[in-house]
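As the structure lists them, so they are numbered: ligands from 1, and atoms in each ligand from 1. What's counted below: heavy atoms across the whole structure, side chains too, no hydrogens, waters or symmetry copies. What you see is a predicted model; the values in this text were computed from it and never measured.
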Amino acid sequence: MWDTLIRRAHLLTFDTGSPYGSIRRGALAVQGGRIAWVGPDDELPANSAREEIDAGGALVTPGLIDCHTHLVHAGQRAREFERRLAGSTYEEIARAGGGIRATVAATRAADEEALLAASLPRLRALAAEGVTTVEVKSGYGLNLETELRMLRVARRMGHLAGVMVRTSFLGAHAVPEEFAGRADAYLDFLIAEVLLAAVREGLIDAVDAYCEPIAFSPAQVTRLFGAARKLGLPVKLHADQRSDQGGAALVASFGGLSADHLEYASPEGISALARSGTAAVLLPGAFLFLQETHLPPIGGLRRAGVPLAVATDCNPGTSPLCSILGAVALACTLFRLTPAEALAGVTRNAAAALGLADRGRLEAGLRADLALWAVEEPAELAFRLGPNPLLRRFVAGRSDHAPSD
Ligand code: DI6
Ligand code: FE
């Protein structure tokens, strides 16, 4: 006896056989929070289910995964956007004390409840678009107390919104004011105190860093990653976004989970990613709002067989994008991904970027994280900005309804 059986569904399994792994008239059974059976309706084994859902031809995908976000933060930086539109660069604003440091000031000033209240609506917005797993980074605290507060809020809001949250430690996001001009001393403090305290509290799933001339050098990132690997933590990197820093090869040399951004990644970087099995995370929201014109080397990544993930990078500076379907649409229009690639980027390959082998595809044995959609064609999910076609979500087999219901 199954818990739930969904029939007459258009399943997108994202197995590797065909672009979407589409099964036009499909059925999917759920038992104990896992997918128990998936296949064509007319091959369904004789078995009954406590609840049967006639999908009426609706599209069913794995629950969507946003594998790169900065959802937890306080304040906003819309005036920096105005300044950029008037001609200032992101780097100029950051060097003048704005940018990440402005959000650090606002986040340090917010207590845990205020930070939760500011951040939860962003997670709920993603959940309303079928997201069931989200990665959330720290990195707007840059001191012991606030980094831990961000990570606690990230975990708490996951429970409140019915989303599985994976946390990444991004203490190496910027050098805070109190360490101005002493980046190495800050890194010592970060490794010896903040990272260890967060690990002791069980708050970290991976370690990330911002490798840019305005942030941390490859040598400094190497030091941080060495400490992370000693603690048994996987690493990932904001790599080669504004210039080629050799970030892709660096994170690959640590067997990293993902290299994110990659606008300026070199051919050597791409080969290194392919060899280490590191995923590329493409972030078209940051590309759009920074009015970047240098495209990430999509063709090279594709030819090398690097898994391509897509994420929102939702943050208050460079990517005020809190829509996973928006990220999918932008990945197609700006980066020329096919809709099948972009959707695999927020399912199968996003799971790979988080090192999660139990989700991101529709396959027996995997978690029953599902999204049901009122669309006729898969590409419709990549071809609209605004209307939300989600019918309902299942998280580990349990159904909730879109907030609009
Ligand atoms: N992700 C980041 O962490 C930085 N850029 C990006 O794309 C900076 C975010 C910020 O300006 O707050
Ligand atoms: Fe980011």
Q: Would you kindly say whether His238 and His68 are connected by a side-chain donor-acceptor distance under 3.5 Å?
A: yes
Q: Calculate, to the nearest 0.5 Å, the distance between atoms CD and OG1 belonging to Glu147 and Thr107 respectively.
A: 9.5 Å
Q | Taking every non-hydrogen atom, the tightest pair across Ile6 and Ala55 | A | CG2-CB, 4.0 Å
Q: Check side-chain contact (heavy atoms from CB on, under 4.5 Å) between Ala106 and all other residues, then give those that pass, not counting sequence neighbours.
A: Ala74
Q. So, the side chain of Asp260 versus the backbone of Lys236: is there a donor-acceptor pair under 3.5 Å, distance only?
A. no
**Q.** Results of side chain to side chain donor-acceptor pair (under 3.5 Å) for Asp244 - residues two or more places apart only
**A.** none
Q) Can you check salt bridge (Lys or Arg N to Asp or Glu O under 4.0 Å) on Glu178 and Arg108, steps first, answer last? A) CA-CA 13 Å; Glu178 60 274 20; Arg108 285 181 178 181; 2.8 Å; yes
**Q.** Pocket residues of ligand 1, ordered first by chain and then by residue number (heavy-atom cut-off under 4.0 Å)
**A.** His70, Arg77, Tyr90, Ile100, Tyr140, His173, Tyr210, His238, Gln241, His261, Ala286, Asp313, Asn315, Gly317, Thr318
Q: Give a yes or no on whether the backbone of Phe169 and the side-chain of Ser138 come within a donor-acceptor separation of less than 3.5 Å.
A: no
Q) Does Leu372 offer a backbone N or O that forms a donor-acceptor pair with the side chain of Arg392 under 3.5 Å? A) no
Q: Mind checking how many protein N/O/S atoms fall short of 2.8 Å from the Fe ion (ligand 2)?
A: 4
